[in-house]
**Student:** 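Okay, handing you the structure first.
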Amino acid sequence: ILKVSTVNEKLRYKIPSNLNLSLRNMIIAKILRRGKYLILLFRNSKLSLLIHLGMTAYFRYSDELVEKKHDHVIFFFEKKVLTFNDIRKFGFVKIYFKNEVLHSSHIKNMGVEPLSKNLNFNYFNSFRKRSVDLKGLLMNQTFIAGLGNIYCSEILYDARVSPLRKINSLDNYEIIKIIKSTKKIL
């Protein structure tokens, strides 16, 4: 990263004023995903970058700078430009120490990853005593990380289970269908 330019600091959380100084000359070593979050780890650095796209944010990767309305952060590389754009401003960019990012308030209480082996019958069944709506539970980030409204609707449609059903009314076959549909849809 040669330079980081903050075009508009107003997102869900104010963009750190030290973003450019903290990330200048850093080399991205790894990009992780946890739920709806991206975590950038840097070579030979104690810092990390936590990014959330909110509902409408996206990255543009291009050969040259092409500014557009709602651009917030621009990362300049040797031959490329990466721009973070968010029309609704629900996304964010935060700096954390590498050893603290997974313990941040955003990530520490997240549920299992939907494509992992941890989303299985036993895990799902451990929540069955609750009397909450099925769709509400699926969208609860402490139950399964990263599922939003549209994915949950598609999953339940594919599994042929009503989103209004209470968790405690599901039978074993329906739970298995929901888990299989989750992995299929994603």
Side-chain angles (χ1 to χ4, degrees), residues 11-13 28-42 47-61 72-73 82-186:
L11 287 171
R12 186 183 336 171
Y13 304 105
I28 299 171
K30 195 177 218 180
I31 300 174
L32 307 172
R33 183 196 55 77
R34 181 74 174 104
K36 298 177 184 179
Y37 297 88
L38 295 175
I39 303 167
L40 276 61
L41 303 176
F42 302 98
L47 297 179
S48 66
L49 199 62
L50 181 65
I51 300 168
H52 192 284
L53 299 178
M55 294 178 69
T56 59
Y58 65 91
F59 281 103
R60 268 192 334 275
Y61 190 63
H72 292 274
V73 181
L82 182 67
T83 305
F84 180 86
N85 182 293
D86 189 1
I87 189 170
R88 295 186 69 188
K89 301 178 185 171
F90 291 147
F92 67 79
V93 176
K94 283 186 171 184
I95 298 173
Y96 281 93
F97 286 108
K98 190 186 303 186
N99 62 345
E100 295 175 353
V101 68
L102 294 177
H103 305 290
S104 71
S105 61
H106 302 289
I107 294 180
K108 69 180 178 181
N109 295 319
M110 292 185 80
V112 299
E113 287 290 333
L115 297 176
S116 74
K117 292 178 182 178
N118 295 329
L119 178 59
N120 56 42
F121 177 80
N122 290 334
Y123 178 77
F124 206 111
N125 195 42
S126 70
F127 288 80
R128 196 190 286 186
K129 293 180 182 177
R130 297 183 182 195
S131 62
V132 297
D133 293 348
L134 177 55
K135 187 172 179 183
L137 180 67
L138 291 179
M139 289 181 56
N140 183 334
Q141 300 301 297
T142 62
F143 176 59
I144 300 176
L147 295 184
N149 184 41
I150 295 171
Y151 277 129
C152 290
S153 294
E154 292 293 325
I155 289 163
L156 294 174
Y157 177 81
D158 186 71
R160 302 288 189 253
V161 180
S162 168
L164 302 176
R165 290 273 304 277
K166 301 292 183 191
I167 295 299
N168 57 8
S169 74
L170 298 175
D171 62 36
N172 292 350
Y173 179 68
E174 290 171 316
I175 290 174
I176 291 167
K177 283 194 325 185
I178 293 165
I179 293 168
K180 285 184 177 179
S181 291
T182 299
K183 295 176 187 288
K184 173 185 168 187
I185 296 298
L186 297 179

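Residues: numbered from 1 along the sequence shown.
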**Student:** Kindly assign one of parallel, tilted or perpendicular to the pair Phe143 and Phe124, based on the angle between their ring planes and the thresholds 30° and 60°.
**Tutor:**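 Perpendicular.
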
**Student:** Under the 3.5 angstrom rule, does the side chain of Lys184 hit a backbone N or O of Ile179 as a donor-acceptor pair?
**Tutor:**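 No.
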
**Student:** Looking at every non-hydrogen atom in both residues, tell me the closest pair between Phe84 and His52 and how far apart they are.
**Tutor:** CZ-O, 3.8 Å

**Student:** Does any non-hydrogen side-chain atom of Leu134 lie less than 4.5 Å from one of Ile178?
**Tutor:**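 When only atoms from C-beta onward are counted, Leu134 and Ile178 do touch, with a gap below 4.5 Å.
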
**Student:** Do Leu50 and Phe92 come close enough that some side-chain heavy atom pair is under 4.5 Å?
**Tutor:** yes

**Student:** For Lys166, which residues count as a side-chain hydrogen bond (donor to acceptor under 3.5 Å, both in side chains) partner, sequence neighbours excluded?
**Tutor:**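 Counting only residues at least two positions away or on another chain, Lys166 forms a side-chain hydrogen bond (donor to acceptor under 3.5 Å, both in side chains) with Asp133.
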
**Student:** Looking at Arg34 and Glu113, is there a salt bridge between them, counting it only when a charged N and a carboxylate O are closer than 4.0 Å?
**Tutor:**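 Answer for the salt bridge query: yes.
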
**Student:** Specify the closest pair of heavy atoms between His106 and Lys94, including all atoms of both residues, with the distance to one decimal.
**Tutor:** NE2-NZ, 2.8 Å

**Student:** Between Thr182 and Tyr151, is there a side-chain heavy-atom distance shorter than 4.5 Å?
**Tutor:** no

**Student:** State which residues pass side-chain hydrogen bond (donor to acceptor under 3.5 Å, both in side chains) with Thr142; sequence neighbours excluded, sorted by chain then number.
**Tutor:**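 If we apply the side-chain hydrogen bond (donor to acceptor under 3.5 Å, both in side chains) test to Thr142, skipping adjacent residues, the hits are Asn140.
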
**Student:** Any donor and acceptor pair, going by atom type alone, linking the side chain of Asp86 with main-chain N or O of Gly91 inside 3.5 Å?
**Tutor:** yes

**Student:** Find out whether Asn120 and Val112 are in side-chain contact, i.e. whether some heavy atom of one side chain is under 4.5 Å from a heavy atom of the other.
**Tutor:** no

